[in-house]
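Quick notes on the structure that follows.
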There are 2 protein chains.
Amino acid sequence: MSEIDLTTLRIVRAVADEKTLSGAAALLGYSQPAVSQHLSRASARLGQPLVIRAGRTVRLTEAGAVLARHAVTVQSALDAANGEISELGGLRSGAVRVAAFPTASATVVPRLLGAMAARYPGVRLSYVEVEPPEALDLLRNGRADLAITFRYPDDWSDPHARYPDELTMAPLFDDEVLIAEPAAEDRDGSRTTLQQYSSSEWIAGCPQCRGNLLQACQTAGFQPRIAHETDNAAAVLGLVANGLGVAQLPRLALSSVTVPEEVRLVRVAGMPSRTVHAVALSAARGVPAVDAALLAAVELDVGDWTSPA
Amino acid sequence: MSEIDLTTLRIVRAVADEKTLSGAAALLGYSQPAVSQHLSRASARLGQPLVIRAGRTVRLTEAGAVLARHAVTVQSALDAANGEISELGGLRSGAVRVAAFPTASATVVPRLLGAMAARYPGVRLSYVEVEPPEALDLLRNGRADLAITFRYPDDWSDPHARYPDELTMAPLFDDEVLIAEPAAEDRDGSRTTLQQYSSSEWIAGCPQCRGNLLQACQTAGFQPRIAHETDNAAAVLGLVANGLGVAQLPRLALSSVTVPEEVRLVRVAGMPSRTVHAVALSAARGVPAVDAALLAAVELDVGDWTSPA
DNA sequence: GCTCAAACATAACGCAGAGTTATGAATCAC
DNA sequence: GTGATTCATAACTCTGCGTTATGTTTGAGC
């Protein structure tokens with residue numbers, strides 16, 4: 001709506017510098033008639049001439065001088081904006097807000113943030129620890145840029161599934177789920193199955209993990225008796241060590257705690273492993289910092305969380 | 001050149017305010033697809049998204065926020081420029097630099113400047129006194145906006161004629177040229193002719209006026225003997241009053257001095273009158289202050305300079 | 001859980017505006 | 001006067017930015 005456009009400002013400025021339309025045209029990479037015609041149009045729009053031909057050259061009117069003066073302000077604001085956007089594009093600035101589940105806090109997240117900080121010193125990093133469903137909500141609300149989540153196969157309430165195309169998910173690794181049992185308990189050499197724990201008391205934590213447990217036990221043909229509830233891996237191990245029950249624990253949860261002697265970890269057939277993902281909004285693809293964080297996540301070395309401890 | 005255009009800035013700003021593309025479109029008078037497509041193009045140009053769709057609404061990315069922030073600066077600069085140009089257009093600001101010949105300094109110019117000052121208090125006025133040829137040079141050099149000049153008919157060196165289309169000339173009035181002679185000299189009742197002064201001594205001033213005198217005398221068949229040279233009307237009258245010669249004097253020059261008793265003013269057949277003009281550069285037509293000054297000049301009441309004193 | 005309204009995306013299209021080249025006219029320097 | 005420089009005008013092309021029409025998704029309310 002404004003009768004003033006950027007081209008006019010740039011042209012007037014160039015004319016002010018060069019004192020000639022030809023010079024201005026050359027300076028801006030235009031043909032001479034382009035400048036001439038553009039100024040005519042602009043003058044018509046503004047209702048008064050911007051330049052006055054003076055012999056062979058040209059000089060600005062007061063209106064032209066006004067534009068030339070303000071052109072400087074506009075140009076520098078534009079340059080500043082361009083510069084800042086370039087910095088975002090070049091990952092010399094920007095921000096990544098990561099949301100991840102508790103077990104990742106001590107493992108995946110520090111490594112990820114470390115890698116990002118090393119590669120892109122200018123990028124601001126922040127982290128919040130929440131369970132996967134909340135992490136996805138944060139993404140959707142625009143309060144986080146990258147979520148590190150896990151999902152269990154066949155999870156009927158998997159929050160990822162609720163937003164099919166909205167999320168871009170990059171699988172990072174498989175996180176095997178082990179059973180922690182008291183080392184004192186008798187074990188024959190036979191292959192372990194979940195069925196063997198049908199009469200055990202269970203220690204279970206977060207709803208999502210518990211969901212997986214219930215699902216697996218149902219498949220195995222029994223319903224687990226959950227006697228103790230905690231999310232804390234160290235606490236779970238303590239309970240197990242003292243013979244108070246058995247528990248499922250992902251390998252990732254074990255990698256940042258010391259496993260007591262009294263606890264034995266066993267792989268159980270039919271116990272589905274969970275998968276850990278880096279998740280971003282599909283709509284946020286293209287945002288440099290988000291793309292970089294996703295890439296950094298899939299490039300993480302995850303060997304020590306996948307090979308047996 | 002710059003990947004950023006004003007429309008993008010205005011749209012991003014509107015989106016920042018409205019939180020929705022539809023709202024922004026309505027705010028700006030666009031259709032909704034226009035906003036959507038424009039943002040797509042802008043994102044492509046900038047290499048990163050400006051908005052992220054969040055459910056049914058939308059929110060800005062960091063890049064978008066950068067633009068929205070700088071948009072304020074740009075907009076206010078543009079508004080300022082627009083405002084200043086409107087003031088020029090509305091004659092609440094601007095400048096008129098007038099150049100006029102000495103005789104006009106005490107007559108036409110004060111009245112003109114007075115009228116302008118009264119009508120347009122915001123317009124800056126300035127004045128320089130120069131002879132017509134210099135006044136036209138000032139116009140051409142851009143050092144004056146309006147010239148008050150005179151011209152004699154059949155003046156072979158008329159400076160106005162050198163720039164045929166470059167100048168816009170508005171005739172103000174005819175300035176009759178009289179002969180000042182000592183009142184003591186005998187005069188019969190017959191009609192006065194220039195021929196009668198062929199043996200007189202003349203007092204003459206500026207080259208242009210003298211040119212006219214020479215021209216007229218040549219037509220009358222003699223060459224005037226110029227004994228005294230001055231431009232000053234009072235001085236001329238003093239010389240005439242003391243019987244030192246005769247002189248041609250335009251009525252305008254007489255209107256600001258007192259004519260001594262000893263001087264008689266006579267109209268002479270064949271003495272061409274000069275015409276007074278307001279002159280501006282044709283190229284400056286359209287400049288509000290110049291147009292207004294030209295108009296004010298032709299609207300001046302010139303009665304007391306044209307009717308016999 | 002279904003339906004409806006609101007919001008964004010995509011497609012197809014029309015038009016204006018801004019650039020181009022070619023050419024003419026005026027000015028200034030030598 | 002002559003040639004170089006500069007601006008103006010004409011005629012044309014084409015990109016880009018709007019439009020309308022239509023489809024898809026989301027979220028609220030019954």
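Below, read A as the first sequence line, B as the second, and so on, with proteins coming before strands; counting in each chain starts at 1. Heavy-atom basis, side chains included; hydrogens, waters and symmetry copies ignored.
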message = When you compare the side chains of Ser105(B) and Tyr127(B), does any donor N or O come within less than 3.5 Å of an acceptor on the partner?
response = yes
key: From dA18(C), dA7(C), dT10(C), nucleotide with atom closest to Asp5(A) side chain   = dA18(C)
ask   = Between atom CZ in Arg140(A) and atom P in dT25(D), what is the gap in whole Å?
value = 14 Å
task = Indicate whether any N or O donor in one side chain lies under 3.5 Å from an N or O acceptor in the other, for His38(B) and Thr8(B).
result = yes
request  = Rounded to the nearest angstrom, tell me the gap between atom CG in Leu60(A) and atom C1' in dC7(D).
outcome  = 15 Å
Polar-atom pairs under 3.5 Å, protein N or O versus N or O of nucleotides 18-22 of chain D: list them with distances, or write none.
residue: dG18(D); atom: OP1; partner: Tyr30(B); partner atom: OH; Å: 3.4
residue: dT19(D); atom: OP1; partner: Ser31(B); partner atom: N; Å: 3.3
residue: dT19(D); atom: OP2; partner: Ser31(B); partner atom: N; Å: 2.9
residue: dT19(D); atom: OP2; partner: Ser31(B); partner atom: OG; Å: 2.4
residue: dT19(D); atom: O4; partner: Gln37(B); partner atom: NE2; Å: 3.0

message = Test your reading of the model: is there a side-chain donor-acceptor pair from Ser22(A) to the backbone of Gln32(A), 3.5 Å cut-off?
response = no
query = Checking Arg285(B) side chain against Val290(B) main chain: does a donor-acceptor pair fall under 3.5 Å?
reply = no
request  = Determine: side-chain N/O of Thr20(B) to OP1/OP2 of dA6(C), distance under 4.0 Å, yes or no.
outcome  = no
request  = Please state how far atom CG in Leu167(A) lies from atom P in dT26(D), giving the value in whole angstrom units.
outcome  = 11 Å
key: Leu112(A) and Met116(A): CA distance, side-chain angles, deciding distance, side chain to side chain contact (heavy atoms under 4.5 Å, CB included) verdict   = CA-CA 6 Å; Leu112(A) 173 61; Met116(A) 286 291 290; 4.3 Å; yes
Short side-chain to backbone donor-acceptor contact, Asn212(A) and Tyr152(A), under 3.5 Å = no
message = Under 4.0 Å from OP1 or OP2 of dC8(C): is there any side-chain N or O of Ser36(B) that close?
response = no
message = Can you measure Leu39(A) atom CG to dG19(C) atom P for me and round it to whole angstrom units?
response = 11 Å
note = Sorted by number, residues from residues 48-59 of chain A placing a heavy atom under 4.0 Å from DNA chain C are Gly55(A), Arg56(A)
request  = Take Glu62(B) and Arg124(A) through the salt bridge (Lys or Arg N to Asp or Glu O under 4.0 Å) test and state the conclusion after the steps.
outcome  = CA-CA 12 Å; Glu62(B) 289 195 82; Arg124(A) 299 183 304 282; 3.1 Å; yes
key: side chain to side chain contact (heavy atoms under 4.5 Å, CB included) between Val279(B) and Thr168(B), worked out   = CA-CA 6 Å; Val279(B) 185; Thr168(B) 291; over 6 Å; no
task = Specify the separation, in whole Å, of atom CG of Leu21(B) and atom P of dT24(D).
result = 19 Å
ask   = Can you tell me if CZ on Arg92(A) sees more than 12 non-hydrogen neighbours from other groups inside 6.0 Å?
value = yes
task = For the side chain of Arg45(B), starting at C-beta, report the closest nucleotide among dC17(D), dG27(D), dC8(C).
result = dC17(D)
note = In whole angstroms, the gap separating P of dT26(D) from CD of Glu166(A) amounts to 6 Å
